[in-house]
Amino acid sequence: SQQGEEDPQALSIQEGENATMNCSYKTSINNLQWYRQNSGRGLVHLILIRSNEREKHSGRLRVTLDTSKKSSSLLITASRAADTASYFCATSRGNTGNQFYFGTGTSLTVIP
Amino acid sequence: DAGVIQSPRHEVTEMGQEVTLRCKPISGHDYLFWYRQTMMRGLELLIYFNNNVPIDDSGMPEDRFSAKMPNASFSTLKIQPSEPRDSAVYFCASSQTILPNTIYFGEGSWLTVV
């Protein structure tokens, strides 16, 4: 990819379990965002974490950022079948922080 | 707001034909992005504009690809001539300068070149 990699590429879990996805990137960033893509649809923003933050929560989502390791993780707690989608991290860099590059995505399947 | 609007949603065209994809960004957003998504290469940033000016087109794969933004509410991505390897989903997205600079995506234009 142009910027980073998510892993695993695919993840299958039972409803109610937690899902953890990781993102690694290559260059220094302004912020990192996670997006979700349902099959056949555009990407939808989930959460943003700034480069000077280490952890952020939003509902059932928890994001961590380790700039020294150039990595981030997205945790979805108490997963639901409706969480089935692909998840992408996007890193913002450039002079204005408005140049976004996406990873390769993690395909999450939550089995009811 | 209606969100980012792309057209056409689906297009099937023959190799060698010209393809024009259209995008209307969210009103008030000053950044516009064109991305291409394929299974092999993931989501690639092709080009982006700020205040209608192209800032970085280093992701445009070849001279067959061109993009314009004649005003704040309209952009086009053109492929001429098209080739089968251009088959992909092309997304337009927009954002604003100030944080949170969330990117809002359109639903994509699904292009098949046969």
Side-chain angles (χ1 to χ4, degrees), chain A residues 1-10 21 23-27 29-53 56-58 61 63 65 85-107, chain B residues 2-7 9-10 21 23-26 29-51 53-61 88-112:
Chain A
S1 75
Q2 288 176 314
Q3 175 61 263
E5 303 283 335
E6 283 92 339
D7 103 272
Q9 286 191 323
M21 289 157 268
C23 166
S24 59
Y25 55 92
K26 299 173 185 174
T27 62
I29 61 173
N30 302 102
N31 65 58
L32 185 143
Q33 305 184 29
W34 284 89
Y35 287 77
R36 165 194 171 126
Q37 184 180 31
N38 285 7
S39 180
R41 306 296 299 275
L43 282 75
V44 175
H45 178 259
L46 293 175
I47 192 167
L48 176 153
I49 186 166
R50 302 185 190 211
S51 58
N52 61 355
E53 297 177 311
K56 202 158 184 181
H57 297 254
S58 177
L61 305 179
V63 171
L65 178 65
S86 292
Y87 292 82
F88 295 84
C89 67
T91 49
S92 161
R93 56 186 174 99
N95 292 335
T96 62
N98 283 279
Q99 196 167 344
F100 290 93
Y101 292 92
F102 285 80
T104 51
T106 291
S107 176
Chain B
V4 177
I5 299 173
Q6 291 187 246
S7 65
R9 285 296 315 277
H10 299 271
L21 308 178
C23 175
K24 175 178 167 51
I26 292 174
H29 282 190
D30 51 353
Y31 279 85
L32 183 139
F33 308 85
W34 282 101
Y35 287 89
R36 177 172 69 175
Q37 186 176 37
T38 61
M39 289 294 292
M40 291 297 294
R41 300 176 67 87
L43 201 59
E44 302 173 275
L45 175 61
L46 300 179
I47 184 171
Y48 76 97
F49 296 81
N50 178 218
N51 292 322
V53 176
I55 303 300
D56 187 346
D57 65 354
S58 60
M60 297 284 261
V89 185
Y90 291 83
F91 287 102
C92 176
S94 69
S95 73
Q96 54 188 8
T97 302
I98 58 174
L99 286 175
N101 50 355
T102 302
I103 307 177
Y104 292 83
F105 281 79
E107 292 294 343
S109 291
W110 295 67
L111 173 65
T112 302

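Remember, it's a predicted structure, so these values are computed and weren't measured experimentally. Heavy atoms only: backbone and side chains are in, while hydrogens, waters and symmetry mates are out. So you know, we letter chains A, B, ... as the sequences are listed, proteins then strands, and number each from 1.
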- Item | Set of residues satisfying side chain to side chain donor-acceptor pair (under 3.5 Å) with respect to B:Ser95, sequence neighbours excluded |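 For B:Ser95 there are no side chain to side chain donor-acceptor pair (under 3.5 Å) partners, ignoring immediate neighbours.
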- Using the test side chain to side chain donor-acceptor pair (under 3.5 Å), find all partners of B:Ser58 that sit at least two apart in sequence or belong to another chain.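 Expected list: B:Asp56.
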- Query: A:Phe100 versus B:Thr102: any side-chain heavy-atom pair under 4.5 Å?
  - Reply: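 Of all side-chain heavy-atom pairs linking B:Thr102 with A:Phe100, none is under 4.5 Å.
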- Query: Which bit of B:Gln37 comes within less than 4.5 Å of chain A, counting heavy atoms only: side chain, backbone, both or neither?
  - Reply: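 Just its side chain gets close to chain A.
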- Query: What part of B:Phe33 gets closer than 4.5 Å to chain A, counting heavy atoms only: side chain, backbone, both or neither?
  - Reply: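 For B:Phe33, side-chain heavy atoms alone lie under 4.5 Å from chain A.
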- Task: Assess whether atom CZ of B:Phe49 is packed by more than 12 heavy atoms of other residues, nucleotides or ligands within 6.0 Å.
- Result: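 Result for CZ/B:Phe49: enclosed.
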- Quick check: are there more than 12 heavy atoms from other residues, nucleotides or ligands sitting under 6.0 Å from CD of A:Glu53?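 It does: A:Glu53 CD has more than 12 such atoms within range.
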- Item | CG on A:Leu48 to CD1 on B:Ile103, rounded to 0.5 Å |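 Going from CD1 on B:Ile103 over to CG on A:Leu48, the span is 10.5 Å.
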- Query: Would a distance-only check, ignoring hydrogens and angles, find a side-chain to backbone donor-acceptor pair under 3.5 Å from B:Tyr35 to A:Phe102?
  - Reply: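 Checked: no pair found.
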- Shortest non-hydrogen contact between B:Phe91 and A:Gln37, atoms and distance: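 For B:Phe91 versus A:Gln37, the nearest heavy atoms are CZ-NE2, 3.4 Å.
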